[in-house]
Amino acid sequence: PSRPTIQKQNSMQMRKMASKQFAELSVDDDVEHHLEHHPYVKGYAPTKADVDLFHQLCESSLPETPNLRRWFEHMESFSANERASWR
């Protein structure tokens, strides 16, 4: 599988540093790579970390990398009430 370009990785890292919510997520710096092997930010079940990242991306721009884009579209399939229930 292809890796995101350096520019995309740097862009994600810059957004991470700029956002307190995103910076607090305890996921590898390479979220794209993490999501290649896990359906959710913290592993195999949705959590508040998914909601936090989803809201962060909603405020910035749609993901361009394949795994993050897949994850984002999956998060959009849940209702706001469902996302609010994740711990």
**OP:** List the steps and the verdict of side-chain contact (heavy atoms from CB on, under 4.5 Å) for Trp71 and Val41.
**Re:** CA-CA 9 Å; Trp71 170 89; Val41 171; 3.9 Å; yes
**OP:** Supply the atom-to-atom distance Thr47 OG1 to Asp52 CG, rounded to the nearest 0.5 angstrom.
**Re:** 8.0 Å
Original post:
How long is the gap from CZ on Phe54 to CD on Glu59, to the nearest 0.5 Å?
Top reply: 11.0 Å
Minimum heavy-atom distance [X]-[Y], with the two atoms named:
X: Glu36; Y: Asn67; value: CB-ND2, 3.3 Å
X: Pro39; Y: Tyr44; value: CD-CD2, 3.5 Å
X: Pro63; Y: Phe72; value: CG-CB, 3.7 Å
X: Glu32; Y: Thr65; value: OE1-OG1, 2.6 Å

**OP:** Output yes when a side-chain donor or acceptor of Ser60 lies under 3.5 Å from a complementary backbone atom of Gln56, and no otherwise.
**Re:** yes
**OP:** Fit a plane to each ring of His34 and His38, take the angle between them on a 0 to 90° scale, and name the class: parallel (under 30°), tilted (30 to 60°) or perpendicular (over 60°).
**Re:** parallel
Original post:
What residues, two or more places apart in sequence or in another chain, satisfy side-chain contact (heavy atoms from CB on, under 4.5 Å) together with Ser79?
Top reply: Asn81, Glu82
**OP:** Tell me, please, which residues at least two apart from Ser85 pass side-chain contact (heavy atoms from CB on, under 4.5 Å).
**Re:** none
Original post:
Under the salt bridge (Lys or Arg N to Asp or Glu O under 4.0 Å) rule, what pairs show up with a residue in residues 66-78, not counting sequence neighbours?
Top reply: Arg69-Glu73
Original post:
Are the aromatic rings of Phe78 and Trp86 close, with centres under 6.0 Å apart?
Top reply: yes
Original post:
Leu68 and Val31: side-chain contact (heavy atoms from CB on, under 4.5 Å), yes or no, with the steps?
Top reply: CA-CA 7 Å; Leu68 197 54; Val31 177; 3.9 Å; yes
